[in-house]
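These notes concern the structure reproduced below.
Throughout, protein chains are lettered first and strands after them, A, B, ... in sequence-line order, and every chain is numbered starting at 1.
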Amino acid sequence: MKIPPVKGTRDFYPPEMAVRNWMIDGWKKVSVRNGFEEYDGPIFEYLKMFQIKSGDEIVEQLFSLQDRGGRDLAIRPEITPTLARMVNQQINSLPRPIKWFSVPRLCRAERPQKGRLREFFQWNIDIIGVDSSVADAELIFTTIDYLRMVGLTPKDIQIRISSRKLLAAVLLSVGISEDDLDVLYALLDKKTKLPAETFEQMLLEKVGEQAKADEISSFMAVASIDEIGQAVTMDSDIERAVVELETVFASLAVMGVAEYCVFDPSIVRGLAYYTGIVFEVHGATGELRAIAGGGRYDNLLRDFGGPAISATGMGMGDCVLELLLREKGLLDSQLGKRRLDYFVTFADKLFGGTMYEVAAELRSRGYSANFSYKLGGLSKQLKEASAQNAAKCIIIGQEFAESNQLAIKDMTTGEQELVDYGAFLSGLEPRDT
RNA sequence: GUGAAAGUAGCUCAGUCGGUUAGAGCACCAGAUUGUGGAUCUGGGGGUCGCGGGUUCGAAUCCCGUCUUUCACCCCA
């Protein structure tokens, strides 16, 4: 009986695995060089853990299960709750600031579509315990640091930055009540996805008065931080939020990534989760969904039963990123093919035993080496070496019997030289084994 | 969860009006080639035509259901 792969999952054959490893290696490298330390948690948690922050809709999109002891568990759809739990558990002994990263495998039971599967990998970086917006800027910088490293330019991608604090202050000054903020966030978040007229209409329905709707609309249409003063009536809360945004942009300019960044008041982010700076990374064409998103969520630890310590974080999934990199031709160009250091061959069956010995010597010195399992002629063996993309071939033939010499053939140039076996081994650069 | 389109070899696809033993290219394997690879030529293996049911003398082809994929919604932690 043939069993198909499960809906929304991927099989990673060697070529796909190479892509995945390359991507994850890049994430880890950039995290480490930006001063983050890696952590991870279990792949499942108590179901309750994921119900704290979120409503029933999210719970419906969880893969949940019951263990034999009747415990309700769920496969993690995100790692942030685990992070909160882990940090809370040791909050008194952890040196601050806490700069941690992780590349968890996550599962969400959503309907699969372009750039969204049911199982995926997500790079997460978080800074906990730093109130200053420098932490937000650093998070954004680290995100760009990776995207820039893999070859994406400001022409390809844009970091759109806004502030929940600013938006809240504006909405309150317009006369929206505190209780209605969350509902409005959800609507404003859709602004770019809906036709302009539909959006205006829905906004008017939500706020009731045309004057309020107009003021919100004019704020949402602001193209730069400087224009905020013209669109809305400033008050001290708005002023503070604006200053914070300006600080973030100034920091990013100093770090040399200003070209990637743009202020965009239509960046709101879905749920009532964020409390300060929010941002999303989008492809310039805007055809794909967001590549990454993040922001400040100062209530996170408290919501999970810990102290009120501030936090800011970013998540980047592998699916959309891969689509974008493929589109830009940045994947094949950077991805190294499988490369074998040596392929060991014999010109006479007499030397079959020596072939194993030479391969074993190379391997024990940290070099990758293969040989053919078939007892074919040299021609066949070299063909196999080519198929495995071997850098060099070692040919063991009559010269070995006569004077202990190996023929080393460079598979790129086709040139070949005779070397003494012992000299060859002692001449190898030491490698990590 | 809603709607639309698609599904034939490992991959990309052809397959006439419903008619005999379902084809091609690429990939794979082998030979040409027992001291020199990538190329070429020749040959070979590989199919429950997604699955189940129906109509028919006869179904890859028509009908229904179902699964999967893709796209658009919902949602996006």
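- Across all strands, A:Gln416 comes closer than 4.0 Å to base atoms (heavy-atom distances).
- Within the nucleic acid shown, A:Gly376 has no heavy atom closer than 4.0 Å to any nucleic acid atom.
- In this structure, A:Phe371 has its ring center no closer than 6.0 Å to that of A:Phe343.
- In this structure A:Trp123 satisfies the side-chain hydrogen bond (donor to acceptor under 3.5 Å, both in side chains) test together with A:Ser31, sequence neighbours excluded.
- Applying the ring-ring contact (aromatic ring centres under 6.0 Å, His included) test to every pair with at least one member in residues 389-420 of chain A, sequence neighbours left out, gives these pairs: A:Phe400-A:Tyr421.
- The phosphate of B:rC75 (OP1 or OP2) has a side-chain N or O of A:Lys190 nearer than 4.0 angstrom.
- No hydrogens or angles were tested; on distance alone, nothing pairs the side chain of A:Arg111 with the base of B:rC73 as donor and acceptor under 3.5 Å.
- Evaluation of atom-type donor-acceptor distances gives a pair under 3.5 Å for the side chain of A:Ser386 against the base of B:rG37.
- Considering only side-chain N and O atoms, A:Lys374 lies under 4.0 angstrom from the phosphate OP1 or OP2 of B:rA30.
- Within the 4.0 Å cut-off from OP1 or OP2 of B:rA77, not a single side-chain nitrogen or oxygen of A:Thr80 is found.
- Interface remark: the A:Lys409 side chain does form a donor-acceptor pair with the B:rU36 base, using a distance-only criterion of under 3.5 Å.
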- How does RNA chain B read in dot-bracket, base by base from 5' to 3', with Watson-Crick or G-U pairs under 3.5 Å and | used when the partner is on another strand? (((((((..((((.....[...)))).(((((.......))))).....(((((..]....))))))))))))....

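- With sequence neighbours excluded, the residues that form a ring-ring contact (aromatic ring centres under 6.0 Å, His included) with A:Tyr297 are A:Tyr273.
- Map A:Gly377 and A:Ala387 each onto its nearest nucleotide of RNA chain B; the residue landing nearer the 5' end is A:Gly377.
- With sequence neighbours left out, the ring-ring contact (aromatic ring centres under 6.0 Å, His included) criterion links A:Phe219 to no other residue.
- A:Arg148 meets the side-chain hydrogen bond (donor to acceptor under 3.5 Å, both in side chains) test with no other residue; sequence neighbours excluded.
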